[in-house]
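Residue numbers start at 1 and run along the sequence shown. For ligands, and for the atoms within them, numbers begin at 1 and follow the listed sequence.
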Amino acid sequence: MRKTELQINLKSIKDNLNQIKNYTSAKIQAVVKAGAYGLNLNEVYNAISDDVESFAVITLKEAKALREITDKPILLFQGVHETKDYSDVEDLNLDFVVHSPWQFDGIEKFNLSNSRIWLKIETGMNRFGLHEQDFLKIYKSLNKEKFAEVILMSHLACSGDKNNESNQNQIENFKRITHNMPERKSLANSGAIFNFPDAHFDIVRPGIALYGGKYLEFGIKPTTKLRSKIISIKDIKKGASVGYDMAWTAEKDTKIGIIGIGYGDGFPYVHNPLNVSINNKTFQTVGRINMDAITIDLDGDESIKIGDWVELWGFNTDLTSFSSEFESISYRLLTNISGRVDKNYLE
Ligand SMILES: *Cc1c(COP(=O)(O)O)cnc(C)c1O
């Protein structure tokens with residue numbers, strides 16, 4: 001059997017939730033979209049459900065799967081994608097966002113009295129969100145009795161960058177627009193939890209911090225290790241080229257190790273060499289990332305054997321700096337790992 005696995009430390013995910021709680025007294029909505037950022041919705045749910053007030057997903061399919069296992073609120077972050085989705089919102093008692101005026105068209109046909117409606121306000125990101133004038137019109141005419149609760153929300157574009165002035169502008173806009181409105185409010189994702197205490201309001205919405213992809217400087221722990229066993233070692237001569245496009249040529253006689261993982265497993269397709277770890281020593285990948293294989297220069301090391309583990313990243317890797325080596329982000333690294341990779345969970 002192929003030995004290629006993503007290890008996921010559920011204890012570290014719990015620790016990250018507790019670390020978030022050290023930074024805020026707001027209620028916690030766990031963002032578990034995209035299969036809990038690729039780490040598996042059910043497993044993550046079991047690890048943290050007791051300590052959060054609600055969950056957020058994007059698709060109805062995710063919401064249905066989650067409703068099978070929880071009675072807690074489940075928010076559709078983009079609300080409905082077509083009006084008839086409100087019938088599932090009604091049946092499953094889902095919370096939903098309204099970010100566009102069209103999402104009110106035909107809504108009166110449904111009984112949404114068990115749903116919390118989250119009105120999303122445009123404060124500067126210019127993606128989802130009702131423009132101030134639309135929001136105020138809707139807010140005034142909304143029959144609040146028809147919903148379990150009305151919650152006011154927005155989203156920061158640059159929360160990971162403490163020095164970016166747009167954050168204060170967005171926070172000020174949100175405060176100004178919702179000033180004097182008695183409803184509960186929500187603005188902060190992971191970055192804002194650590195960088196902007198005045199953006200916490202009533203409910204915070206951490207995603208990446210739970211999964212350890214960012215904010216290690218705030219005591220967040222990485223939660224994953226990606227590794228694969230060596231399935232071939234071969235001697236090559238100085239001047240020999242390796243793999244597709246013969247993209248790498250040996251400058252001296254050496255050994256090439258091959259592992260069975262590639263972009264078909266969601267590993268990024270990068271051209272530059274990456275550091276990997278074998279028996280606590282660092283080596284470099286060479287040539288192209290293949291669909292099903294990666295080649296490594298073993299630098300003549302005689303101690304490495306077939307079956308040794310190669311760590312592509314580990315429980316000490318800062319995935320933000322790792323992914324920045326190939327112009328990616330930790331979010332993408334985690335959500336891309338495909339179903340072909342075994343996922344094994346540590347408690
Ligand atoms: C994805 C998402 C979050 C979580 O963001 P992180 O940076 O992963 O903490 C919060 N709010 C909204 C609206 C989102 O789409």
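- Side-chain N/O atoms of Glu172 and Asn169 include no donor and acceptor closer than 3.5 Å.
- Under 4.0 Å from any atom of ligand 1, one finds heavy atoms of residues Val31, Lys33, Tyr37, Phe77, Lys120, His155, Asn189, Ser190, Arg205, Pro206, Gly207, Ile208, Tyr331.
- The ring-ring contact (aromatic ring centres under 6.0 Å, His included) check on Tyr86 picks up Phe96, Phe110, with sequence neighbours excluded.
- In the model, Glu62 has a side-chain atom that pairs as donor or acceptor with a side-chain atom of Thr59 under 3.5 Å.
- In terms of the side chain to side chain donor-acceptor pair (under 3.5 Å) criterion, residue partners of Glu82 (sequence neighbours excluded) are, by chain and number, Lys84.
- Ion pairing of Asp50 with Lys72 is absent here, as no side-chain N (NZ or NE/NH1/NH2) approaches a carboxylate O to less than 4.0 Å.
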Cut-off 3.5 Å, no hydrogens considered: what does the side-chain donor-acceptor table look like for residues 150-158, sequence neighbours left out?
from   : atom 1 : to     : atom 2 : distance (Å)
Ser154 : OG     : Ile121 : O      : 2.7
Ser154 : OG     : Thr123 : OG1    : 2.8
His155 : ND1    : Arg205 : NH2    : 3.1

